[in-house]
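In this text the structure is predicted, and so the values were computed from the model without any measurement.
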Amino acid sequence: MSTPSAAREQALVTAFVRLADTLVADYDVIELFHGLCGDCVSLLGVDAAGLLLTDQRGTLQVVSASTEAANLVELFQLQAEEGPCLDCFRTSAQIHAGDLATDTRWPRFATLADENGFTAVHALPMRLRGETIGALNLFHRSRTDMSADELAIGQALADVATIAILSDRNTRERERLTEQLQAALTSRVIIEQAKGVLAERGQIPLDEAFSRLRAHARSTQQRLSDLARAVTDGSFDTAPLLR
């Protein structure tokens, strides 16, 4: 019988192998983003994770969040132009807020985070060779100072994902980044629409709608964005997802 430590080590290996696979094979960029957030939740013990990346105009955009609450907080962060993720992106350094109730750096952000159940946030830069393309946010529902080992693992996950986004044998890094991020933003809009369709038809929460959508995409080995597009244009029968 494997010990909890051995099981965690195996989970870490699996996460890094999955990220490394994107360096040598075609991959679904939106699945990469959601997978990164999911790995942070399962491996680091955080309650939610969100990812902000720059688009082709250099503007930060929400490209993934593990929960609707985290997604809302990320969007507010951009609208309010304040928050740990923005500071992380601007400075290319990790930003830590183990107790938002006593942290005075982002008063409006702290208020909304508290309203959505988050009391601590840690932000990790998505960077490669001096270029920062975004930030990974780790949310906690209780006051939390993450350990050095946890932060190192989180940063390593973010670093490998950044390499995957920027890597391409045939194009320059900036061209590849623009292409990947634009595809991700387009896919995200379609996925959000598909979530809404499923939530309305099945009278289920948006988080549950996304879980069912993603599970079906994985079980049928198709891209999440392709399935979402089929749901929104009516070419896919949603009944199997709503049983």
Side chain to side chain contact (heavy atoms under 4.5 Å, CB included) between Lys195 and Ile191, intermediate numbers included: CA-CA 6 Å; Lys195 283 165 54 179; Ile191 291 169; 4.1 Å; yes

Roughly how far apart are [X] [atom1] and [Y] [atom2], rounded to 0.5 Å?
| X | Y | atom1 | atom2 | value |
| --- | --- | --- | --- | --- |
| Leu124 | Leu138 | CG | CG | 5.0 Å |
| Leu43 | Asp39 | CG | CG | 5.5 Å |
| Leu53 | Leu136 | CG | CG | 9.5 Å |
| Thr67 | Asn116 | OG1 | CG | 8.5 Å |

For the student: nearest non-hydrogen atoms of Phe109 and Gly83, plus distance: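 So the two residues come closest at CG-CA, 4.2 Å.
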
Closest approach of Arg143 to Thr119 (non-hydrogen atoms, all atoms of both residues):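 Scanning both residues, the minimum pair turns out to be N-OG1, 3.3 Å.
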
Using a 4.5 Å cut-off on heavy atoms from C-beta on, say whether the side chain of [Y] contacts that of [X].
| X | Y | value |
| --- | --- | --- |
| Asp99 | Asp103 | no |
| Met126 | Leu36 | yes |
| Phe210 | Glu68 | no |
| Ile95 | Trp106 | yes |

Parallel, tilted or perpendicular, as decided by the 30° and 60° cut-offs, for the rings of Phe118 and Phe139: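 Tilted.
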
Hydrophobic cluster partners of Leu75 (side-chain heavy atoms under 4.5 Å):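 Noted: Leu75 shares its cluster with Leu52, Leu60, Val62, Leu78, Leu86, Phe89.
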
Side-chain H-bond candidate by donor/acceptor type, Asp233 with Ser235, under 3.5 Å: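 Short answer, yes.
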
Side-chain donor-acceptor contact under 3.5 Å, Arg127 with Ser92: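 Checked: Arg127/Ser92 side chains show no N/O donor-acceptor pair below 3.5 Å.
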
Arg105 atom CZ: more than 12 heavy-atom contacts under 6.0 Å: yes

Evaluation steps, side chain to side chain contact (heavy atoms under 4.5 Å, CB included), between His122 and Val46: CA-CA 10 Å; His122 298 269; Val46 303; over 6 Å; no

Test side chain to side chain contact (heavy atoms under 4.5 Å, CB included) applied to Asn137 and Gln77, step by step: CA-CA 11 Å; Asn137 273 345; Gln77 200 170 180; 3.2 Å; yes

